[in-house]
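Reminder, nothing fancy here: chain letters follow the sequence lines and each chain counts from 1. Hydrogens, waters and symmetry mates are skipped; everything else that's a heavy atom, side chains included, is used.
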Amino acid sequence: MRAVDDLYQEIILDHYKHPHGRGLREPYRAEAHHVNPTCGDEVTIRVDVADDRITDVSYEGVGCSISQASASVLHETMVGLPVIEALARHDAFAALMVGRGQVEPDEDVLGDAVAFAGVARYPARVKCALLSWMAFKDALARAAVPESNVGGTS
Amino acid sequence: MRAVDDLYQEIILDHYKHPHGRGLREPYRAEAHHVNPTCGDEVTIRVDVADDRITDVSYEGVGCSISQASASVLHETMVGLPVIEALARHDAFAALMVGRGQVEPDEDVLGDAVAFAGVARYPARVKCALLSWMAFKDALARAAVPESNVGGTS
Amino acid sequence: MTATLPMYDVQAVRADFPILARQVNGAPLVYLDSAATSQKPRQVLDALREHYEQRNANVSRSVHALGTEATEAYEGARARVAAFIGAATAEEVVFTKNSTEAINLLAHAFSERSIDPRFRLGPGDEIVISEMEHHSNILPWQLLCERTGATLRWFGLTDDGRLDESDLDALVNERTKLVSLVHVSNILGTVNETARIVARAHQVGALVMLDASQSVPHLPVSVSELGVDFIAFTGHKMCGPTGIGALWGRYELLLAMPPFLGGGSMIETVTMQRSTYALPPMKFEAGTPPIAEAVGLGAAVDYLSAVGMEAIHQHEVDLAGYALGALATVPDLRVIGPQKTEGRGGTISFALGDIHPHDVGQILDNEGVEVRAGHHCARPVCARYGVPATTRASFYLYTTTDEIDAMVRALEKARKVFG
Amino acid sequence: MTATLPMYDVQAVRADFPILARQVNGAPLVYLDSAATSQKPRQVLDALREHYEQRNANVSRSVHALGTEATEAYEGARARVAAFIGAATAEEVVFTKNSTEAINLLAHAFSERSIDPRFRLGPGDEIVISEMEHHSNILPWQLLCERTGATLRWFGLTDDGRLDESDLDALVNERTKLVSLVHVSNILGTVNETARIVARAHQVGALVMLDASQSVPHLPVSVSELGVDFIAFTGHKMCGPTGIGALWGRYELLLAMPPFLGGGSMIETVTMQRSTYALPPMKFEAGTPPIAEAVGLGAAVDYLSAVGMEAIHQHEVDLAGYALGALATVPDLRVIGPQKTEGRGGTISFALGDIHPHDVGQILDNEGVEVRAGHHCARPVCARYGVPATTRASFYLYTTTDEIDAMVRALEKARKVFG
Ligand SMILES: Cc1ncc(COP(=O)(O)O)c(C=O)c1O
Ligand SMILES: Cc1ncc(COP(=O)(O)O)c(C=O)c1O
């Protein structure tokens with residue numbers, strides 16, 4: 001293995017083989033379904049929110065190690081956060097991913113998600129890493145609107 | 001002048017400056033209108049036939065020296081011919097034109113039309129030389145069908 | 001299993017393809033993605049450059065020498081492409097930007113307003129495709145059916161990756177206006193037998209189109225022997241440049257079809273009130289065509305003919321046999337599509353345990369082995385075989401058995417990382 | 001009359017264009033047909049070759065390194081083209097095969113079935129063009145009006161070759177859905193002022209498209225400053241390869257438009273029953289795009305930017321002034337179009353006595369001078385000015401005053417042969 005070790009960090013492979021918080025759960029405030037059109041990978045994300053805090057992120061989908069692990073890390077890193085911090089963490093992650101390896105990751109903000117720093121150097125895989133995070137953001141936006149598309153698709 | 005002298009033979013320039021048989025005349029058995037879509041040149045040809053002989057070829061149109069001279073030569077060379085010989089002459093002319101300079105012209109069959117031999121080496125001008133001849137062939141085909149499109153367009 | 005393929009000098013062929021000297025991730029490039037796009041021989045790149053440096057001009061519009069030379073190069077390419085597919089005349093070849101445009105061009109010939117009954121399509125009429133199609137032979141027909149109210153129907157697939165013809169007579173019936181089928185599958189590698197389907201379609205008065213995007217580059221194809229009405233193919237998959245493809249159609253049908261794109265060069269005469277159109281193929285080539293690209297495709301066709309389409313096909317069948325044997329040694333590997341070399345070409349899709357194709361492809365890429373991972377623009381095939389995606393290796397005239405060995409070694413690494 | 005143009009090193013520019021070293025009919029090539037297609041600098045040809053030799057692969061579909069490099073080259077070209085025209089984002093640039101396809105793409109967005117009212121078009125609705133249009137900006141709208149029952153209307157022309165705006169408020173009215181105008185005329189050389197027309201169109205809720213095929217190559221163009229909704233342009237006229245063009249549109253409008261060609265890469269998901277589409281620009285780029293051609297266009301845009309669009313424009317205006325002066329010395333020569341350099345570019349059409357343009361062009365060609373003779377895909381303009389065709393000389397960044405002198409000398413010969 002050469003450069004690809006950067007991509008497949010131990011921690012990513014761990015999350016992939018032993019996903020955290022997988023499965024769709026009730027109750028939830030909003031849901032979003034995203035597809036990666038180039039490969040057909042899909043994810044459904046449900047978000048539950050109480051008192052401006054993320055109380056659950058549950059998910060289901062098919063995809064590669066990167067997309068599965070990033071959903072697992074998403075769950076791990078978001079549950080319990082105030083919504084405002086969750087959004088900041090989302091933005092930091094998205095910035096890291098599209099940064100082509102030029103963005104210095106901040107472990108304090110990102111937690112385990114820093115392991116994905118290597119993905120930024122594989123442009124074809126950035127969409128994999130972002131799939132569940134983008135769906136999460138959509139779901140969160142819907143959760144903010146009372147009585148919005150609960151259970152709807154993106 | 002270099003090679004272009006081949007194209008603009010004296011005889012062609014003569015026919016261009018002093019066209020023979022120009023103008024649309026009555027009576028006629030059939031008419032055809034052709035357009036060269038790449039330059040917008042147009043010609044209308046009328047053919048009259050009696051006893052299996054071409055009794056008149058009249059024409060009108062706009063176009064370059066080559067297309068104008070070839071209509072004049074068409075008139076000159078076709079009027080009076082038996083239809084069957086007119087068709088043979090037409091075919092010999094068309095073969096000469098698309099022959100890229102490889103076809104040896106037969107002056108006995110072609111008459112003045114041999115002057116167009118040089119055009120075959122200018123592929124962009126072949127359509128000009130053939131414009132009226134193709135319209136003539138169409139008109140003749142229509143003349144063969146009793147009561148066909150008299151006065152119609154191609 | 002024979003590791004050497006007699007009579008075919010693959011090393012001599014490889015020497016013509018400059019990119020094959022490249023390294024990827026520190027390893028020699030092993031390009032096994034020719035079904036996506038082929039590499040280009042020096043002969044084609046030289047023809048492109050020579051065209052631009054010597055006779056670049058617009059076509060069909062000028063009396064000047066440069067324009068005449070450009071037009072002859074462009075029309076000469078059309079004649080060579082026509083001969084390559086056994087067309088009756090050069091005028092039966094319409095240049096497009098790719099296969100996809102060619103198929104859309106045909107789809108837009110059908111409408112409720114069509115004067116010619118063969119192209120009249122409305123509610124109650126049917127178009128038949130198959131579950132094996134590339135999206136480019138699905139979407140144009142779905143969009144057409146939306147526009148017209150016609151119904152889209154399709155052949156299913158058998159478990160071993162072939163068209164299921166058991167329903168042929170019911171599926172292709174008096175309501176069918178067109179049958180449009182992939183000739184060689186870009187995902188399964190299947191070479192479809194078309195004779196029975198063509199006969200049935202013509203019996204009920206339907207037209208037949210073959211999506212020949214994966215056959216024209218790889219097999220000897222003769223449109224007259226196939227007896228079909230239209231084929232579509234694309235330059236970049238057959239050693240030619242990107243930006244060029246073709247629709248071949250029987251001239252009489254091209255004559256009957258309305259124009260598709262409107263613009264310069266497709267007209268006979270224009271006034272602000274109304275216009276009339278040129279004859280085919282010009283009628284369908286609005287605007288400045290891909291001139292240099294046509295010249296490049298002409299050079300590609302010359303190159304392929306010089307190597308020999310029969311020899312290329314045999315080379316690929318031999319490679320497919322070798323690869324099927326080699327892949328059978330990889331634990332947990334399942335080939336999706338025909339398991340034998342009969343009726344298949346050199347494109348092989350597979351699943352490796354439950355490792356996602358993206359991950360397989362990434363590990364292979366790290367070893368310089370370029371395979372494709374995904375649905376290959378044929379999602380319904382993936383759905384049919386219960387996988388979200390596949391890993392696909394596809395071969396061409398420059399592929400060697402050593403490259404297949406390199407892939408098999410890299411697959412072992414993938415199993416280690418994700419095992 | 002100044003024979004030297006200060007501050008612009010045309011000889012240095014010429015050294016970049018290999019074809020300019022060529023002879024035609026024994027004379028040095030004098031290429032005065034850049035409005036038909038431009039010549040290509042070495043930098044563009046090198047970029048093409050390097051792409052094919054180093055990173056040829058299909059785009060947007062692979063995880064492999066080669067595919068990633070190809071995708072980055074393709075998307076990088078999109079970003080450069082977007083910056084060149086002052087687009088807000090790269091996603092507003094849709095690659096097509098030429099201007100003609102770009103205009104047809106927009107035309108097919110309009111239908112009676114459109115959900116978005118801006119693209120809903122039927123009987124009673126109007127599309128406005130002008131008598132100055134290239135056929136590629138006439139035919140798509142004639143065909144659209146045939147499909148939908150809408151009415152085509154147009155601006156007339158003034159005697160001195162400009163748009164007649166006297167009727168603006170009646171012509172562009174509440175029924176108008178789209179105004180589509182040529183920015184710079186390919187036959188008259190006129191640069192159209194668009195501000196008043198754009199303001200009026202937007203006032204009545206109509207969209208505005210500019211056919212920028214002859215402006216983007218020759219002037220600094222900023223879509224944001226123009227305030228229009230769409231522009232179309234084509235690579236081969238701006239030092240790029242054939243086979244590539246672009247539609248720029250405001251993103252919000254591209255989002256609202258339905259897809260045009262269906263096929264690979266323009267989808268989100270596909271089942272046999274129904275499909276959903278990707279976001280723009282992908283939604284409009286079905287099939288394998290002109291990848292190498294986009295890379296070549298990217299290199300062309302870099303080349304033009306390095307020379308400087310302002311400098312190129314000034315050079316052409318200077319050449320136009322020089323040529324108008326020189327042509328005024330030729331007896332019986334009548335310029336068709338603006339007689340002064342104000343509001344015009346370096347394209348000049350003329351009539352030489354009653355010598356047919358074919359004959360003029362032929363004699364010039366014999367001297368190596370390549371001008372175009374014909375209706376230049378703008379028959380209505382010829383009809384408007386009472387000529388069947390014109391002779392047209394068109395200049396570009398590599399044109400010299402010596403070349404204009406060579407043309408004038410050759411025109412004298414034409415007068416002798418046909419005098
Ligand atoms: C003003 C104008 N519009 C449209 C076009 C069409 O461009 P293309 O032929 O590249 O589609 C041209 C050139 O041919 C043109 O000059
Ligand atoms: C079977 C098949 N049909 C159609 C296409 C579309 O070809 P293109 O992308 O060149 O339009 C492809 C390749 O992408 C293909 O493999």
Side-chain angles (χ1 to χ4, degrees), chain B residues 1-19 22 33-44 59-73 97 101 115-133 135 153, chain D residues 23-28 33 36 134-136 138-139 187 336 349 351-392 406 409-419:
Chain B
M1 288 297 111
R2 278 172 289 241
V4 82
D5 290 345
D6 267 17
L7 179 66
Y8 293 125
Q9 303 268 338
E10 257 333 291
I11 193 164
I12 291 184
L13 292 177
D14 268 4
H15 273 279
Y16 169 53
K17 291 175 188 165
H18 312 288
R22 196 185 165 91
H33 176 78
H34 276 206
V35 172
N36 181 344
T38 57
C39 63
D41 285 356
E42 307 189 11
V43 72
T44 305
Y59 62 94
E60 202 159 73
V62 287
C64 62
S65 61
I66 303 294
S67 74
Q68 297 296 295
S70 87
S72 169
V73 168
M97 286 300 96
F116 288 85
V119 177
R121 272 189 297 273
Y122 291 82
R125 306 305 294 280
V126 167
K127 277 190 187 163
C128 311
L130 283 176
L131 187 66
S132 54
W133 290 64
T153 64
Chain D
Q23 304 259 316
V24 166
N25 291 323
D33 196 15
H134 187 279
H135 294 165
S136 292
I138 299 176
L139 272 291
I187 175 164
I336 297 165
S349 269
L352 183 62
D354 55 9
I355 313 176
H356 191 281
H358 266 188
D359 294 317
V360 176
Q362 194 78 58
I363 301 293
L364 266 54
D365 177 59
N366 201 52
E367 306 295 318
V369 178
E370 311 294 76
V371 295
R372 198 164 147 207
H375 53 53
H376 317 293
C377 298
R379 264 186 82 103
V381 174
C382 294
R384 165 65 179 81
Y385 295 106
V387 290
T390 77
T391 303
R392 180 188 73 183
R409 282 193 305 273
L411 287 171
E412 284 302 338
K413 300 212 175 173
R415 277 169 35 79
K416 251 176 237 142
V417 177
F418 293 98

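For chain D, no part of B/Gln68 is nearby; none of its heavy atoms comes within less than 4.5 Å.
With rounding to the nearest 0.5 Å, the separation of OH in B/Tyr8 from CG in D/Asp359 is 3.5 Å. Remark: D/Gln362 CD to B/Cys128 SG distance equals 8.5 Å, nearest 0.5 Å.
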Can you check side chain to side chain contact (heavy atoms under 4.5 Å, CB included) on D/Glu367 and B/Val4, steps first, answer last? CA-CA 10 Å; D/Glu367 306 295 318; B/Val4 82; over 6 Å; no
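You'll find the side chain of D/His358 reaches within 4.5 Å of the side chain of B/Asp41, heavy atoms only.
Counting heavy-atom neighbours within 6.0 Å of D/Gln23 CD, excluding the residue itself, gives a total above 12.
The minimum heavy-atom distance between D/Phe418 and B/Leu13, with the atom names listed, is CE2-CD2, 3.4 Å.
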